[in-house]
Amino acid sequence: MRKQIAAANWKMNLSIEQAETLMTDLLASPIELTENQQAVFGVPFPYLININQKIAGKQHFSLAAQNCSNKVSGAYTGEVSVEMLKSIGVPYVIIGHSERREYFNETNALLAEKVNICFEYGLLPIFCCGEALQIREAGTQNSYVENQLKESLFHLTGESLRGFVIAYEPIWAIGTGKTASSEQAQEMHAHIRNVMAEQFGKEIADSISILYGGSVKAANAKEIFGQTDVDGGLVGGASLVAAEFSAIINSLKK
Ligand code: PEP
């Protein structure tokens, strides 16, 4: 069975004291993770080392950066390289979150470079895709998402994408309290898997974990995660509350 993942995206929230308290509370929560399940914490850069120390030795708990540079090193003030992340033991990087696409003009081509550099340095991307409301209303979400995958991932080999992680996040559902229905999520996840299967073969497509993101909460996680092609979630707001996120983690498919 492919990996089931509950990934937290803390975004630009919390002081270090709040972040440490949240992790302490989470670690004290009754969380049960089986062999193929993982809880991943996408924390702000300055907290990565602290939070890594807090989850050290905790099986199936892992860490993600929320972004990385497309450059290896050098005069790029304010950027954080994959080599830096690797050197402090960060395994995952969220790539192409819609907020980065929208507010920082990240294009599909730039994201292809970021995925490349992650692979080069052995980091695992959590590659985000998803359509805005007007695209959903026009009914063109399938081709829109397909194009995002095509322009950022299709240059890769199938083998390099074995066990890859994609997060489908309809922009209209992010932070809005408006969740996609479990049918809408399943429909798009199945589409994404078909697109990947057509390009890379069914075996590779079946190994890819496709997470849903957009107003996931403890109250709706089980139903959404229960869909055939939904392999967990990328969670913003609800990941900032220990009781919510621990319940979300416990809603992963067994
Ligand atoms: C996100 O930031 O990726 C996200 C899905 O946010 P929220 O869960 O708050 O909608």
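Order of appearance sets the numbers: ligands from 1, and atoms from 1 within every ligand. Both backbone and side-chain heavy atoms feed into the values below; hydrogens, waters and symmetry mates do not.
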Identify, by atom number and element, the atoms of ligand 1 in contact range of A173, meaning under 4.0 Å from any of its heavy atoms. 10 (O)

With heavy atoms under 4.0 Å as the rule, classify the contact between A167 and ligand 1 as side chain, backbone, both or neither. neither

Does the N or O separation between H97 and ligand 1 drop below 3.5 Å for any pair? yes

From the options G130, S239, G237, select the one whose nearest heavy atom is closest to atom 9 (O) of ligand 1. G237

If we only count heavy atoms from C-beta on, is the V216 to I248 side-chain gap below 4.5 Å? yes

When you measure from the side chain of N250 to the backbone N and O of E32, does any donor-acceptor pair fall under 3.5 Å? yes

Residue-level breakdown please: for N9 versus ligand 1, do any non-hydrogen atoms fall below 4.0 Å on the side chain, on the backbone, on both, or on neither? side chain

protein heavy-atom neighbour closest to atom 3 (O) of ligand 1 works out as E169 OE2, 2.6 Å

Heavy atom of G233, distance to ligand 1 below 4.0 Å: no

Might you point out which heavy atoms bring R2 and S207 nearest each other, and give the distance in Å? CB-O, 3.9 Å

Of the choices G175, C128, G236, which has the non-hydrogen atom that lies closest to atom 10 (O) of ligand 1? G175

So, 4.0 Å and heavy atoms of G214: is ligand 1 close enough to count as a contact? yes

Closest contact, heavy atoms only, D25 versus A242: CB-CB, 3.6 Å

Report yes or no: does K11 have a heavy atom closer than 4.0 Å to ligand 1? yes

A quick test of your reading: do over 12 heavy atoms of other residues, nucleotides or ligands sit less than 6.0 Å from NZ of K150? no

Show every donor-acceptor pair shorter than 3.5 Å between a side-chain atom in residues 108-119 and any protein atom, with sequence neighbours excluded, or say none if there are none.
residue: N108; atom: OD1; partner: R101; partner atom: NH1; Å: 2.8
residue: N108; atom: ND2; partner: E151; partner atom: OE1; Å: 3.1
residue: E113; atom: OE1; partner: N70; partner atom: ND2; Å: 2.6
residue: K114; atom: NZ; partner: N67; partner atom: OD1; Å: 2.8
residue: K114; atom: NZ; partner: C68; partner atom: O; Å: 2.9
residue: K114; atom: NZ; partner: E106; partner atom: OE2; Å: 2.9
residue: N116; atom: OD1; partner: H155; partner atom: NE2; Å: 2.6
residue: N116; atom: ND2; partner: A112; partner atom: O; Å: 3.4

Taking side chain as C-beta onward, heavy atoms only, is F225 less than 4.5 Å from K253? no

